[in-house]
There are 2 protein chains.
Amino acid sequence: MVKEKGKNIYDIASEAGVSIATVSRVLRGETSVLPETRRKVEDVIAKRGYRPSAIARGLTQKHTNSLGIVLPKLTNPNYAMIFTGAYDEATREGYVMSLFPWKSMDLKTGYDPMEVLAERRLDGLIMCVEYQKKESYDHLTASLENLSRYMPLVLIGCVPSELDYPTITYDMSLCASGVMEYLLEMNHTRIALLGGMKEDMGVMSRDAGYRAALEKAKLPYISSYRVYGDSTTRAGEQMLTEMLDGLQRAYWPTAVIALNDLVALGALKAAREMGLRVPEDISIIGCDDLFCAPYSEPPLTSINMHQQELGARAVRRLLRPDDKTRELAAWNIVKRQSSAPTEIV
Amino acid sequence: MVKEKGKNIYDIASEAGVSIATVSRVLRGETSVLPETRRKVEDVIAKRGYRPSAIARGLTQKHTNSLGIVLPKLTNPNYAMIFTGAYDEATREGYVMSLFPWKSMDLKTGYDPMEVLAERRLDGLIMCVEYQKKESYDHLTASLENLSRYMPLVLIGCVPSELDYPTITYDMSLCASGVMEYLLEMNHTRIALLGGMKEDMGVMSRDAGYRAALEKAKLPYISSYRVYGDSTTRAGEQMLTEMLDGLQRAYWPTAVIALNDLVALGALKAAREMGLRVPEDISIIGCDDLFCAPYSEPPLTSINMHQQELGARAVRRLLRPDDKTRELAAWNIVKRQSSAPTEIV
DNA sequence: TTGTATTATGTAAGCGCTAACATGAGTAAC
DNA sequence: GTTACTCATGTTAGCGCTTACATAATACAA
């Protein structure tokens, strides 16, 4: 912040020959100011390039016109999409949206970024609690409780049902079994699931949906078909390569569900390099429907998670609370050429 | 902001039986407090979940511990990368980074988001002035001048040299001629340039580099090889399709430089659908080296713009000003399989 | 013992606004 | 001409902190 004289409401008032109350009235667009006075004040404001301090205003008023959103990271376009949706909606409503990192939340340095959040006295906070490990769960609930005393909260992502806050959540279990059903209908029986950390609650929910679908179809759960790992392209490539390497050809899966499009893109490459044709020899399905999904070779079947809409909804929920607690977020399968019925038995 | 009693420094002070000055001292970790007193105060703070208001603190101190960055949009991972770099560096330095949209800057609604920026009294602002049209240039310079009276500025992107602020800029002209040289060395003589708006200053700079390289190689500038348009995947696909459709096969370019990887991905698809092999029949080069570039078919040759490093550098520059004004940002060609020497004459 | 550092804590003045209330000039009603 | 009422504008008390300065208590040197 650059300090310069001639930059507060007193300076403007004295230069315009009025009181600070009048300047304040002009600033806030109040009507009870003589047109002549208003012009005089506006002239000085324009001449000096004066802008009132939002900091000082925030102190007297009980709101700051700023919202926050906590996300894991932006390098995955998935989160960039949620952010964009939330951000645009916030702007439309006249709010400034700030982003805070999830990552540092589970830091053990004694310095808790959650406290920084509380200090900022935002008008509301959206927390994406996706990819939350169980071990840091207690810390999370304590943080949430404390934060909620300072600002309204809306939780998004894959939110554990015990968390009693306004929530817009994905039912990842339903989502996983939905994809399974789609594949089972196309005669796939050897279906692999690729990526995600075992302890991650969202991943556990997917696993549940995957296993439920297998059970319903009276298919066995084969542990070599479930590979855990990072959710990156490189990891996706590695995971599929290693899975196939460790399996006799007759047992190779005919379909792969990837945790997200990044993993799917890697799997696509791995399959190509193992000499497999997609989708004739193996179907591959991603998740998140990133911008590049339609442009891979072949174009990737994926799940559209309506991320921008999710972000926007969270903002509206924050600004206009309703009595619902948990709402479900929409998703749908976008069928492209990376998935097809199989003839392999 | 949720208002609740028992939530300011007076409440803590009275409950701990000390003065507000002592609470403030404990909060700021001053040493001149009796261990016993400190414990007493800390207990009350912990019990009440009290966090001092950054708003109030910002009013007395002359800094707010927050930085801002102005970017066009985050849905293009290129900007998400710049943001991530800046964001991480800011966090490392103990600052909160807020993002502001470029888009709304040229809104003509009378409401100028630049003013909102000035009101927020940030400790510094990074402005990405890429993709700036000439017509809004005057408004930009006025805004910058006004803003710079409130906070230090660092400009990044493709910054016109007349702008006299600390700047980290790409020389897109050099960059374009660098790519041209790479292609010319591989015997390409029919090289197309795809995407970007004609009036955009960054694009103009590229065009200059493109033409300079042609001239140097004594090759004619052929206007059908230069197609302007949006910088999206869909536009990339369309632009190449239309270009080829309008040209006799003998005049088809043997190489295409795309404005960015999004456009390149679209071009890749268009080429495939026109029955062209990449790179045997046509080389395609992108820009930005997005995460998906190595995973396209074939993997895409692109220009790595070191976006994260650019963002981080901008933050350091903001926090520790030096006497340099314009610095150049690094870039390098990442050669993959979408580009190769041509045998077509 | 008295005077003087030294240390821990308290008091109070701002920071730049907003908003409730006060003032004072002009106008209308009696 | 006095009273009452508007309306434009001014005065001032916060908002929740930090910080310069004041004060009180103790320690130590003379």
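Lettering of chains follows the sequences in order, A, B, ..., and the numbering in each one begins at 1. It should be emphasised that the depicted structure is a prediction, and the values quoted were computed from it without experimental measurement.
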A:Thr22 and A:Arg25: CA distance, side-chain angles, deciding distance, side-chain contact (heavy atoms from CB on, under 4.5 Å) verdict = CA-CA 5 Å; A:Thr22 300; A:Arg25 277 187 270 262; 4.1 Å; yes

Step by step, would you call B:Leu144 with B:Met127 a side-chain contact (heavy atoms from CB on, under 4.5 Å)?
-> CA-CA 9 Å; B:Leu144 287 179; B:Met127 293 248 335; 4.1 Å; yes

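A salt bridge is absent between A:Glu89 and A:Arg317; no separation between the charged side-chain nitrogens and carboxylate oxygens falls under 4.0 Å. Residues B:Arg316 and B:Glu309 are paired through a salt bridge, judged by an N-O separation under 4.0 Å between the basic side chain and the carboxylate.
Dashed line: the shortest gap from a side-chain N or O of A:Ser19 to OP1 or OP2 of D:dG10 is under 4.0 Å. Note on A:Thr22: a side-chain N or O is less than 4.0 Å away from OP1 or OP2 of D:dG10. Remark: B:Thr37 is in phosphate contact with C:dT9, judged by side-chain N or O atoms under 4.0 Å from OP1 or OP2. For D:dG10, the OP1/OP2 oxygens have no side-chain nitrogen or oxygen of A:Arg25 closer than 4.0 Å. Here A:Ser24 does not reach the OP1 or OP2 of C:dA19: none of its side-chain N or O atoms lies under 4.0 Å away. Taking 4.0 angstrom as the limit, A:Tyr10 places none of its side-chain polar atoms (N or O) nearer than this to OP1 or OP2 of D:dT11.
A donor-acceptor distance shorter than 3.5 angstrom exists from the side chain of A:Arg326 to the backbone of A:Val159, with no hydrogens or angles considered.
Direction of the helix axis in the helix from C:dT1-D:dA30 to C:dC30-D:dG1 shifts by 60° between the two five-pair termini, rounded to 10°.
If you check every strand for non-hydrogen atoms under 4.0 Å, B:Ile20 touches a base. Backbone-only engagement by A:Ser53 is indicated by non-hydrogen atom pairs under 4.0 Å involving sugar-phosphate atoms exclusively.
In this structure, A:Asp164 has no salt bridge (Lys or Arg N to Asp or Glu O under 4.0 Å) partners at least two apart in sequence or on a different chain.
Contact of A:Arg121 with D:dG16 (side chain to base): no donor-acceptor pair of N or O atoms is detected under 3.5 Å.
Nearest to the side-chain atoms of A:Arg57 among the listed nucleotides C:dC17, D:dT19, C:dT9 stands C:dC17.
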